[in-house]
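Below: the structure, in structure tokens.
By convention in this document, chain letters (A, B, ...) are assigned in the order of the sequence lines, proteins followed by strands, and residues within each chain are numbered from 1.
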Amino acid sequence: GAGVSQTPSNKVTEKGKYVELRCDPISGHTALYWYRQSLGQGPEFLIYFQGTGAADDSGLPNDRFFAVRPEGSVSTLKIQRTERGDSAVYLCASSPRPSGGHNEQFFGPGTRLTVL
Amino acid sequence: KQEVTQIPAALSVPEGENLVLNCSFTDSAIYNLQWFRQDPGKGLTSLLLIQSSQREQTSGRLNASLDKSSGRSTLYIAASQPGDSATYLCAVRDGGSNYKLTFGKGTLLTVNP
């Protein structure tokens, strides 16, 4: 079956611009996660959705970052006034059901964001 | 705050060797530990998931062990092949958050033909 998909695969933008990154989770998965991976680092948690609501947004670095999941499926990560330090690979993951210790996260291919 | 460390940062071996990748974590109150593979420019592929109550998991030539009390896990790769070349990431699901994965920086493995 289809896995997690993310669009675009690559995004190049200029400093100060607004960008949107999209994630389509595996059908039926209620939990959705965003992570950010900077060069040479492991992914770092940004935000977790359970259904339509953001259950934990403690990983968002500042108020320029915002994410939505209006219908409990597709999610969009929005970055305002982009800065060069925002350049990274943004990874999305989903899992089948509400948080639980035995719940595996399935990752998408990521969106590589480059801010010039 | 949970911290995950992976050693070595990079490893180069000839084809056919058996090898061990190491992962350590500072807070032993975890739900599970997951090993991922990441190819250049790609996303993460889950290799093995070990629940906190388990000691090891096996899949093909891969074997992962977990010593929760000492905060350590190892990924053993038998009879390595050039196709195994990738970055291997270790991640723990913290008991406190119940969903958040904390990752190490990874080990870059190169298997030479």
Side-chain angles (χ1 to χ4, degrees), chain A residues 3-7 9-10 21 23-26 29-51 53-60 88-114, chain B residues 1-10 21 23-25 28-54 57 59 64 66 68 73 86-108:
Chain A
V4 177
S5 63
Q6 293 186 244
T7 54
S9 56
N10 283 282
L21 311 179
C23 172
D24 282 87
I26 294 172
H29 281 195
T30 60
L32 185 146
Y33 317 80
W34 284 97
Y35 293 82
R36 178 169 74 171
Q37 186 175 23
S38 300
L39 190 64
Q41 305 294 315
E44 294 182 327
F45 170 82
L46 295 178
I47 187 169
Y48 157 60
F49 285 91
Q50 181 47 55
D56 182 351
D57 63 359
S58 63
L60 295 178
V89 175
Y90 289 80
L91 295 164
C92 177
S94 68
S95 59
R97 57 188 181 274
S99 62
H102 306 285
N103 213 349
E104 184 175 355
Q105 294 182 22
F106 296 87
F107 281 79
T111 293
R112 181 174 299 276
L113 175 66
T114 303
Chain B
K1 178 185 174 184
Q2 178 76 267
E3 293 183 2
V4 179
T5 303
Q6 291 188 245
I7 295 173
L21 308 181
C23 172
S24 61
F25 46 96
S28 62
I30 64 170
Y31 273 110
N32 58 41
L33 182 144
Q34 215 167 340
W35 282 94
F36 292 89
R37 169 184 173 138
Q38 186 171 35
D39 292 282
K42 304 293 185 182
L44 307 181
T45 300
S46 180
L47 298 174
L48 291 164
L49 184 150
I50 310 177
Q51 307 300 345
S52 60
S53 59
Q54 296 176 322
Q57 281 286 334
S59 176
L66 174 64
K68 183 180 165 185
S73 176
T87 296
Y88 290 80
L89 292 159
C90 167
V92 297
R93 174 170 252 173
D94 294 330
S97 74
N98 195 27
Y99 48 81
K100 187 184 306 184
L101 291 179
T102 302
F103 285 83
K105 292 184 179 181
T107 294
L108 175 62

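A heavy-atom distance below 4.5 Å is found between the side chains of A:Glu104 and B:Ser46. When side chains are defined from C-beta on, A:Pro43 does not count as touching B:Leu101, because their heavy atoms never get closer than 4.5 Å.
Residues B:Phe103 and A:Tyr35 bring their aromatic ring centres within 6.0 Å.
If you take NZ on B:Lys100 and CD on A:Gln105, they are separated by 11.5 Å, rounding to the nearest 0.5 Å. Distance check, rounded to the nearest 0.5 Å: OH of B:Tyr99 to CZ of A:Phe49 gives 12.0 Å.
For chain B, no part of A:Ser9 is nearby; none of its heavy atoms comes within less than 4.5 Å. Residue contact with chain A, scored on non-hydrogen atoms closer than 4.5 Å, involves the side chain of B:Gln38 exclusively.
Ring planes of A:Phe107 and B:Phe36: perpendicular class, angle over 60° (limits at 30 and 60°).
Of the listed residues (B:Lys42, B:Gln34, B:Gln6), the greatest number of heavy-atom pairs within a distance under 4.5 Å of chain A belongs to B:Gln34.
Within a 6.0 Å radius of CD in A:Glu44, no more than 12 heavy atoms belonging to other residues, nucleotides or ligands are found.
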